[in-house]
Protein chains: 2
Amino acid sequence: MAVTIRDVARLANASPAAVSATLNGSRTKGIRVGDATRQRIRDAAAQIGYVPHAVAKSLATGRSQVIGLMLPYTDAFFDKNPFCQEAMNGILREVVAAHYNAMLYTAVEESGDPHTSPSRIAEVDSRVDGMVLVMPPRHGEIIRRCQTIGMPFVSLLRPFEDGGLTVNADDYRGSCLAAEHLLSLGHRRIVHLSGNEDAVTTAPRKQGYCDTMTAAGYEPWVINAGFDWSGGQAVMERLLDLPPAQRPTAVFAANDLCAEGAMRAIKARGRTIPDDIAIVGFDDTWFATMTQPALTTVRMPIPEMGALAARMLIDLLDGKTDFPEQVVLPVSLTVRQSCGANAAPAAPLPFNEEKS
Amino acid sequence: MAVTIRDVARLANASPAAVSATLNGSRTKGIRVGDATRQRIRDAAAQIGYVPHAVAKSLATGRSQVIGLMLPYTDAFFDKNPFCQEAMNGILREVVAAHYNAMLYTAVEESGDPHTSPSRIAEVDSRVDGMVLVMPPRHGEIIRRCQTIGMPFVSLLRPFEDGGLTVNADDYRGSCLAAEHLLSLGHRRIVHLSGNEDAVTTAPRKQGYCDTMTAAGYEPWVINAGFDWSGGQAVMERLLDLPPAQRPTAVFAANDLCAEGAMRAIKARGRTIPDDIAIVGFDDTWFATMTQPALTTVRMPIPEMGALAARMLIDLLDGKTDFPEQVVLPVSLTVRQSCGANAAPAAPLPFNEEKS
DNA sequence: TCGGCATGATAAACCGGTTCATCAAAGTCG
DNA sequence: CGACTTTGATGAACCGGTTTATCATGCCGA
């Protein structure tokens, strides 16, 4: 049923070798094809609708032109968090542009079933030329597997210590920006809702906040809330139970989602944002514009980070070696309404704006 | 470097055929292996860490255990709309459970570059056993390609007329539910913001609304706004310019995103939802719980639809044939605050309603 | 006229699995 | 005991490409 290279060869009165060389451009090694034959082959291929068999080609060449995407498969990330979506978007842009394809792998959190999970990791197999690892759980295990079978990989959002090429954002600096911003608005009792303990971003985000607070002469105040919004909500509810004098006047959440949870708790108590409590998030995913009020948040260039990781992997596969092992992309602060720095449209105070 | 089946055979003092039969369970046809040999082979394989070469296996068997996912690659869908994310989530759940893998394809809206797009479609190739088409643009073209090369496929959210197996939700019925609900709340001037003209869901959603309104003796009122939130916002702004007596008292948007846009416009004018204008959306993606107030919307079981589509494809690949060509899943109305039917509780509880 | 060389082309050996056809040995039955 | 079946095992031919090694030819200069 399928039309093979030998069919084309027969029709064009040529050899399979000549067909292969012709259809793959002239980058073939030892095979020379004359112009006349070349033309006959092209015509024949077009005539019978020849399409190369990608699997056979892959077996013969040892390259598949496919890169694997390893994503976490938990509600908090894959399902509900726009982060993965945006990262994937950036990755795919590069992958498609480089004429590669993407194969999806999902890493499960816990290997309760000792059969399933190792087998899924084992599937880091001959079908892909390399891997982009988007902060999968059990990252070390996966990396070790890649290393033992010689699979090239680039990690997105993972600690350098695990080895390999990594792309990260400057979490520490981002936290400094957020804390400095809130301090500059006059806040003193600023609480930081920190993220999942096992995430690589949690420690530097915590540290940046703590260092900034301490340097300014104020007490750091950290409560773990996780990356999910329910965590932010639960923690915020407890904080609102405190007597007013001990209550925070500002919240710096580890995450946009967590910030949203906190905002819900605040609004549910009839408090207003940013007047009663100011909020700053982290990530600047697309839905940070959708909260009420719109969320002031630290901007990570997520799609760009994904694109860069993919680009690095593809370069690596093409034999390039002259790039840094660890890339840290800069972050910035996107100021919207939730922090109170921007006057709300209903009550503008245009004369108070100060540049500094 | 790589360890092959022949290495295992040599070490175990057996033939490649025996190794293949042993490691693939006993579902092999003509090859019989004794218990002793079987054990030797298992030991040998474990000892030298044999991992089957998926590409070679694929070439030999003609099956790759990979299914292709064709997704639209436009901002409105892939980037900003949780729909694709949720559908993908459902699809992946089934794919992984069936020990398949997923390969990602992106369909671009317009083939401005005549080179890129056909080649991407041509990549519906030997690497996948079947395709799940998630409402890709230029659907007909892709389907035709699948049909000519005999690639099995299942479509998600596409017209029956294009042929093949399809999974849809009952858009028409959903619109009826929404319109009936608003009518029952006493609304008469209900405007429907309709979706992208080229989307398959647009017509039935429009129709359900119109039929319900007409049947109740009221004038249908449809304005095209598209699926993006900016469209909803722009249209709503124009509507708010109308004199109060002509202004709609309720909006039924084709989409949660579109509904959010409309809500923004309303809130920006200082109007309140649902007291001044009631809102109902469509889809019930996760962020419908995040709007302020929480959005009343028609629930499509998106992950379930994705899972079903994947399940159908896998069944098809396994040779089953006894299922309907066209599946239409039921929809329901999720009543939250934006329609005014629920007295707005001060404390929203939307976090727990993930299961239904 | 002959060696050297560039050109055009091909047969055959891979890549790493699966599976068909064949065969030896052992067990079963009349 | 001979015929027949079952069990255990294997060599070799696939799958559809790529690539190496080899060869035939024509052209050049000496």
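A note on names: the letters A, B, ... follow the listed sequences, proteins ahead of strands, and every chain is numbered from 1. Basis for what follows: all heavy atoms, side chains included, without hydrogens, waters or symmetry-related copies.
The side chain of B/T61 lies closest to C/dT18, out of D/dT20, D/dA9, C/dT18. Of the listed nucleotides (D/dA9, C/dT19, C/dG17), C/dG17 has the atom at the smallest distance from the side chain of B/A56. Residue B/H53 places its side chain closer to C/dG16 than to any other of D/dT10, C/dG16, C/dT10. Set against D/dT19, D/dG11, D/dA9, the side chain of B/V33 has D/dA9 as its closest nucleotide. Checking C/dG17, D/dG17, D/dT10 against the side-chain heavy atoms of A/I5 singles out D/dG17 as nearest.
For the pair B/Y50 and C/dG16, the criterion of a side-chain N or O lying under 4.0 Å from OP1 or OP2 is not met. Contact annotation: B/S20 side-chain N/O to C/dT18 OP1/OP2 distance is under 4.0 Å. At the phosphate of C/dA9, neither OP1 nor OP2 sits under 4.0 Å from any side-chain N or O atom of A/R32. Of the side-chain N and O atoms in A/K57, one or more sit less than 4.0 angstrom from OP1 or OP2 of D/dT18. Proximity of A/T4 to the phosphate of D/dG16: no side-chain N or O atom is located under 4.0 Å from OP1 or OP2. A sub-4.0 Å separation between OP1 or OP2 of D/dG8 and a side-chain N or O of B/T37 is absent.
A/L71 pairs with exactly one of A/L133, A/V134, A/I91, A/V132 by the side-chain contact (heavy atoms from CB on, under 4.5 Å) rule, that one being A/V134. Checking each of A/V167, A/I143, A/L165 against A/S155 for a side-chain contact (heavy atoms from CB on, under 4.5 Å) leaves exactly one that passes, namely A/I143.
Spacing between atom CZ of A/R10 and atom P of D/dG16 amounts to 12 Å, rounded to whole angstrom units. Going from atom CZ of B/R40 over to atom C1' of D/dG8 covers 11 Å, rounded to whole Å. The interatomic distance linking B/I31 (CD1) with D/dG8 (P) rounds to 14 Å, in whole Å. Atom CG in A/L23 sits about 13 Å away from atom P in D/dT19, given to the nearest Å. Atom C1' of nucleotide D/dA9 and atom CG of B/D35 are separated by 14 Å, given to the nearest angstrom.
Contact annotation for B/N13: backbone-only contact, meaning every heavy-atom pair under 4.0 Å involves sugar-phosphate atoms and none involves a base. Using a 4.0 Å heavy-atom cutoff across all strands shown, B/S58 reaches no nucleic acid atom at all.
With respect to the salt-bridge test (charged N to carboxylate O, under 4.0 angstrom), the residues B/D7 and B/R10 qualify.
Side chain to side chain, A/D43 and A/Q39 meet the donor-acceptor criterion of an N or O pair below 3.5 Å.
Both B/P16 and A/L59 lie near DNA chain D, and the one whose nearest nucleotide falls closer to the 5' end is B/P16.
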